[in-house]
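Below, chains carry the letters A, B, ... as their sequence lines are ordered, and counting in each starts from 1. Side chains are part of it too, since the values below use all heavy atoms of this structure and drop only hydrogens, waters and symmetry mates.
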Amino acid sequence: MRDIPPRWRDFLMRYYHHSIILIAAGLAIGFMLSTPPAEWLPFGAIAILLFAVVTEMLPVSLLHGGTQVTLGFPIVCTVIAMYGTVPAMAVDSLPTLLAGVLLNRSYPLRHRLRWGLFNAAQSAISAGTAGVVYYSLSASAAALLTVQTLLALTLAAAVYLVVNALLVSVAGALYHREPLPNIWQHSLRIVMPTYILVMPLSILLILLLRTYHVAGFALVAVPFLAARECFRQRIQQIRNYRETIRALGLLVQHAHPYTSGHLQRAGRMAVSVATRLGVPARHIELLPEAAVLHDLGKVGVDEAVLNKLTALTDADWQMIRSHPLKGAEVIGGIKHIEPVALWIALHHERPDGKGYPFGLKLGEIPIEAQIIAVVDAFDAMVGDNEKGEQRPYRKPKTVPEAIAELQKGAGTQFHPEVVRAFLDALAAGDFGVEHAEQAILVMAQKQAVA
Amino acid sequence: MSFTTFVYIVVMGSVAFLCYYALLWLPRQIRRDYRQGLQALARTVEIREHGTTGIARLRAHYAVEIARRMGLPARAVQDVEFAALLQEIGKVSIPYAILNKEEPLTADEQEVLKLHSVLSQRMVEQVPSLARLASFIRHHHENWDGSGYPDGLQGEEIPLASRILHIVGDYAEALRGKDLDNAEIRWQAVQQIEHSKGIHYDPRVFDVFRAIVQAETFRQTNLFYHERCA
């Protein structure tokens, strides 16, 4: 999947938001006019609406970049099968709107309304499309359990997820400037499996509603809330684990005072460079971890050697050169971040083959290791201006000097593509306005000379 | 069997699977990951201090065995295990030259080395999910007769977990640079520290510890340690 072409971008930026809402409204009115009111206003659907509001108000944050999921999806599938398309649209969009406006109070009301409306509209469109798919495959609204209806339901659910992912990723690409393929992958890989996991709940709900009508809710509410609680706890535990590892990893390195603030900054930089280079989303996720832990192996190096002002002996060099592998040795044992160990082992390799520990060449070094190398080098040159972070063996450089150094090293010490992406990110202001101004100035001067 | 019955069975089956997955399998998996992560980070000290590879896991192994034998609840056993992994972590702040000095340390250098229990405590304190282990780690060099550091606590004043950590810590130190897989050598190390029983170590805890190593030696189960840590 390719990115949005720039000439469409401006146009889309202006009209995407409103057009989605208009399409949803049109769709809803069209469906209402084409079916008699008695069909889209059943009593059961109203009860479901209440239930859906409750679930939508209890979202669970996923680990990855603040995405929130709710258990509203199985309910919507059920409503499509039991009551029809219009109730499903209502059951999906109204609670979304309510939740969007009432939750996340830290944002201003205007913002919440704007995005609440957008989310409601895109859910209505997804539900509407899914409903159309369901009823074109299976005729009756009463949801008798046959192979045909089950197949239709599964297909409708898939269509729902695809439409939803598409609408959301375009919005993300337009308004948050994230690359389209990345968001698309993210929703395919992370959000969808979670939803597929809760599909059995939808069939259970249909069964119960058929047998006990609205009273079926009472039976289903408990398992629903239990499932939600499991979700939440699981995510909480994994987050807890990651935080612990990260904090301990940082603390262990604080023994060397000049490498602390630098690490956090390097993580942010690495992510934005990797995003520009189109690194797979699951690797981007690990980059902050890699940046924080990349010099862990220095714990195993004598600080007297690291801080030496005189020339280093061969034994000293050998010790320093052992640090990437020592770090990788420790990090290789940490679950869930295994790829990081390889990047850390190779973050001192150079494209011209003069790096250590193995002397690999351009094509053999993983791009992530190169990103860490560039980011680390830049931040080590510039970031030292802060108090207490100065490395004793070299003086801090200004931003233009550091840029010149990176450009000089492109192709020999650093991967040229990575350097280019890094400078782009710098000029675009990803690392602060101050740096961006200086970077633009330097590049403009370069162009003037050429 | 009608189709509806079939669907009922499938749905109930998948709901049961979900429950098993979320309530039993996942928490166990997460606990295992957590332990592995701590074991890995405990190794940072081992890459700094020569001849200590595998020492943190050894400490954790015996700490768990002692805690179990003494009938501590599962939660406390886990706390003791994690504390044993992290009790020396503060050594990353002790100068490399002192940690790896071949000759005996001078009195001043010994004082510096003694700071490690407080340094470890300070580090662990800063991680919210581990903060409860901080006091165990602080006192892991307190002696039974009150001659230890940093606070000179005595007898039962010392938390039980710290008394366990003290024994496994000294034991691991006695095994530094030796072959950890050899049951014979592991048994000799016990005899080497036994003279401090009742002076440095709680005699009751030490007897439990001694029985554990003895059993391991005489069962000749050299693989035992590997199995647990693999």
Side-chain angles (χ1 to χ4, degrees), chain A residues 144-147 150 197-204 206-207 210 223 226-227 229-231 233-234 237-238 240-256 293 296-306 322-323 325-327 329-337 341, chain B residues 2-8 10-19 21-23 26-27 29-50 53 57 82 86 89-97 99-100 119-120 122-130:
Chain A
L144 296 165
L145 283 175
T146 60
V147 180
L150 278 186
L197 216 71
V198 293
M199 269 303 283
L201 285 178
S202 161
I203 301 173
L204 182 68
I206 294 179
L207 290 173
R210 279 183 64 223
E229 187 56 22
C230 289
F231 244 53
Q233 277 195 6
R234 176 202 166 180
Q237 278 173 323
I238 295 178
N240 186 359
Y241 163 73
R242 288 208 173 172
E243 259 164 35
T244 306
I245 296 299
R246 197 193 181 109
L248 260 184
L250 268 176
L251 280 168
V252 166
Q253 293 176 85
H254 271 206
H256 310 284
L293 298 173
L296 190 77
K298 280 198 179 157
V299 173
V301 177
D302 190 350
E303 57 281 354
V305 172
L306 283 179
S322 71
H323 91 260
L325 282 182
K326 279 184 175 168
E329 198 183 315
V330 170
I331 286 145
I334 304 175
K335 254 285 164 60
H336 300 306
I337 62 168
Chain B
S2 73
F3 183 69
T4 317
T5 329
F6 175 72
V7 172
Y8 264 105
V10 169
V11 168
M12 287 307 168
S14 45
V15 168
F17 172 76
L18 258 181
C19 290
Y21 175 76
L23 295 176
L26 253 182
Q29 191 62 34
I30 290 170
R31 262 202 307 276
R32 194 179 307 152
D33 292 351
Y34 202 91
R35 169 178 297 119
Q36 277 188 359
L38 290 187
Q39 280 173 348
L41 282 169
R43 294 214 48 207
T44 41
V45 183
E46 298 175 3
I47 59 171
R48 186 173 175 79
E49 196 175 7
H50 295 161
T53 310
R57 277 181 173 191
F82 290 170
L86 298 174
I89 198 90
K91 281 190 179 167
V92 296
S93 307
I94 304 278
Y96 190 89
L99 278 184
N100 293 306
L119 288 170
S120 303
R122 297 240 171 96
M123 283 173 81
V124 170
E125 248 170 19
Q126 289 175 55
V127 184
S129 59
L130 298 172

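Taking the six-membered ring where tryptophan is involved, the planes of Tyr241(A) and Tyr34(B) are tilted, since the angle between them lies from 30° to 60°.
Within the 3.5 Å criterion, the main-chain N or O of Ile94(B) finds a donor-acceptor partner in the side chain of Arg48(B). Checked by atom type and distance alone, the side chain of Asp302(A) never pairs as donor or acceptor with a backbone atom of Tyr96(B) at under 3.5 Å.
Heavy-atom distances place both the backbone and the side chain of Pro95(B) under 4.5 Å from chain A. Heavy atoms of Leu86(B) lying under 4.5 Å from chain A belong exclusively to its side chain.
Put simply, of Ile47(B), Val124(B), Ile89(B), the one with the most heavy-atom pairs under 4.5 Å next to chain A is Ile47(B).
Residues Leu251(A) and Met123(B) approach most closely at CD1-O, 3.1 Å, considering heavy atoms.
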